[in-house]
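As structure tokens, the structure follows; a few thoughts come after it.
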Amino acid sequence: MRYVSTRGGMTPCSFTDILIGGLAPDGGLTVPERYPQVDSATLETWRELDYAALAFQVLQPFMSDIPESDLRPLIARTYTADVFGSTDIAGLNKLEDGLYLLGLSNGPTLAFKDMAMQLLGGLFEYVLARQGRDLNILGATSGDTGSSAEFAMLGKSHVQVFMLSPEQGMSAFQRAQMFGLDEPNIHNIAIRGVFDDCQDIVKAVSADGAFKRACRIGTVNSINWARVAAQIVYYFKAYFAATRQVGEAVSFSVPSGNFGNICAGHIARQMGLPIRHLVVATNENDVLHEFFRSGDYRPRPSIEVHRTSSPSMDISKASNFERFVYDLVGQDAARVRALFGQVESAGSFSLAGTAAFDAIQRFGFVSGSSHHENRLQTIRDAYQRFGRIVDPHTADGLQVAQTYREPGVPMICLETALPVKFEDTIVEALGIPPPRPERYRGIEGRPQKVTVMDADVEQIKHFIRARVTAFATEN
Ligand SMILES: *Cc1c(COP(=O)(O)O)cnc(C)c1O
């Protein structure tokens with residue numbers, strides 16, 4: 001399988017060539033030249049596979065330059081009951097007839113990002129060892145991504161993580177999760193500032209080409225293709241759990257921010273999985289809902305982003321959306337380049353009244369948005385009707401899903417985090433705190449390891465350089 005850019009300006013590359021890079025050199029996103037096709041007979045043979053075996057079948061065509069004898073054990077080491085809490089890895093829970101919750105949040109950081117990030121950790125280590133080099137991941141986080149990345153890179157050779165977070169910006173639980181790690185290759189830096197300051201520092205450091213090369217700086221953000229690919233697997237897993245035979249259709253509802261999760265659902269559908277609807281659920285930040293309704297794509301400036309009680313979806317510009325637009329316009333890279341050029345010059349584009357807009361329906365996409373009061377009400381309803389506490393993001397998905405339920409078509413809502421990560425909102429909705437998994441009891445009281453620093457790019461570079469040098473010497 002070779003990879004190209006959505007904007008057409010990249011020589012086709014192999015999977016391991018694009019694994020560690022970010023954007024394609026022309027500013028586009030990397031996509032496979034074509035999607036592998038799975039026929040019904042093959043699908044039926046996958047029904048009984050366990051998660052790791054299924055993941056190998058789904059992912060192998062995308063990662064064809066990794067030999068089977070390496071890829072199979074790497075995947076098997078990733079998706080274990082030990083790491084994900086059950087042999088199912090992603091279990092399907094029935095709420096009532098026709099309505100299901102897909103449990104994707106039982107990994108180390110209790111959010112669905114672990115499903116992909118854990119595999120990414122293994123893949124990075126493998127590829128870096130083969131290339132005989134180190135990588136220093138620099139990131140900014142306001143919560144889920146940073147801890148998921150750190151837990152994925154724990155104890156991995158050839159990789160260090162430098163994660164910036166706003167000193168006051170995370171919940172006590174999230175701080176305890178990240179700063180509770182005491183590992184030589186993980187460096188938490190709390191910045192005296194807000195999340196935007198952290199992100200600005202990452203941008204400034206990455207813009208210094210000489211420093212970036214000398215310190216071998218990389219990222220693990222949501223445009224990483226391997227993360228999207230790893231997420232395709234659980235759409236297949238859920239399909240088999242909700243149906244009896246191939247040919248039956250299911251729908252998925254996906255709480256969406258950067259559009260990575262639902263993009264994986266779209267790819268599963270393009271590969272031949274019988275998916276009827278892909279429901280894009282947004283919160284008050286409803287750029288995507290607006291697009292799917294009207295064809296107008298108008299990302300907001302970051303100052304207009306609402307801070308909501310489903311914070312992992314507070315996003316102004318969905319970074320994976322371009323991968324979907326590429327398919328909508330029939331993989332016409334010149335058109336993608338023109339459309340996103342228009343976003344840069346004029347702030348928006350519109351597909352209203354074009355064949356590309358009609359393709360939205362062909363691709364099964366529908367959408368809706370939710371707001372704080374809906375979210376609280378959905379959390380209360382789910383608790384009263386199903387005895388189940390859902391996190392605020394999952395609640396957005398559950399609420400929008402209601403509009404699109406159809407008789408005979410199971411609606412599968414993706415559970416993107418466990419409620420314990422967002423205790424305040426649960427208490428606001430229910431008056432009681434959510435249950436806490438045993439291994440997280442009292443984590444706020446455990447020792448924490450973090451360096452507090454000013455939002456000063458030179459000081460941060462100095463901090464990184466010293467640790468990069470020491471790490472290289474030890475290895
Ligand atoms: C990241 C995240 C999302 C959004 O997923 P995208 O792939 O960015 O669309 C939704 N819910 C939770 C809890 C998340 O952490």
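Ligands are counted one by one from 1 in listed order, and the atoms in each one are counted from 1 as well. Note: hydrogens, waters and symmetry copies are ignored here, and every other heavy atom, side chains too, is used.
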### Task
Walk me through it: do Lys156 and Glu150 pass the test salt bridge (charged side-chain N to carboxylate O under 4.0 Å, His left out)?
CA-CA 10 Å; Lys156 296 275 189 277; Glu150 291 186 355; over 6 Å; no

#### Entry: Stepwise ring-ring contact (aromatic ring centres under 6.0 Å, His included) check, Phe422 with Phe173
CA-CA 9 Å; Phe422 303 96; Phe173 185 89; 9.1 Å; no

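Interface of Asp144 with ligand 1, defined as ligand atoms under 4.0 Å from a residue heavy atom, comprises 13 (C), 14 (C), 15 (O). In summary, the atoms of ligand 1 found under 4.0 Å from a heavy atom of Ser312, numbered by their order in the structure, are 2 (C), 12 (C), 14 (C), 15 (O). If you number the atoms of ligand 1 from 1 as listed, the ones under 4.0 Å from a heavy atom of Ser256 come out as 9 (O). Distances below 4.0 Å separate heavy atoms of Ala417 from the following atoms of ligand 1: 13 (C). Atoms of ligand 1 lying under 4.0 Å from at least one heavy atom of Phe112, given by number and element, are 1 (C), 2 (C), 3 (C), 5 (O), 7 (O), 14 (C).
For ligand 1, the polar-atom distance check finds an N/O of Gly260 within less than 3.5 Å of one of the ligand's N/O atoms.
No side-chain donor from either of Asp50 and Tyr79 sits under 3.5 Å from a side-chain acceptor of the other. For the residue pair Ser309/His372, the side-chain donor-acceptor check at 3.5 Å is satisfied.
At a 4.0 Å cut-off, not a single heavy atom of Ser222 sits close enough to ligand 1 to count as contact.
Residue-level proximity to ligand 1 for Asn258 is carried by backbone and side chain together, each with a heavy atom below 4.0 angstrom. Here Phe259 has backbone heavy atoms under 4.0 Å from ligand 1, and that is the only part of it that gets that close.
Among all protein heavy atoms, the one lying closest to atom 14 (C) of ligand 1 is Lys113 NZ, 2.8 Å. Atom 4 (C) of ligand 1 has as its closest protein heavy atom Gly257 N, 3.6 Å. Closest to atom 7 (O) of ligand 1, if we only count protein heavy atoms, is Asn261 N, 2.9 Å. In terms of protein heavy atoms, atom 12 (C) of ligand 1 is closest to Thr416 OG1, 3.5 Å.
A salt bridge is absent between Arg307 and Glu284; no separation between the charged side-chain nitrogens and carboxylate oxygens falls under 4.0 Å. Salt bridge Asp26/Arg337: absent, no basic N to carboxylate O contact under 4.0 Å.
For Asn283 (side chain) and His371 (main-chain N/O), no donor-acceptor pair under 3.5 Å exists by modelled atom type.
With sequence neighbours left out, Phe321 forms a ring-ring contact (aromatic ring centres under 6.0 Å, His included) with Phe259, Phe291, Tyr297.
The shortest distance between side-chain heavy atoms of Phe292 and Val366 does not fall below 4.5 Å.
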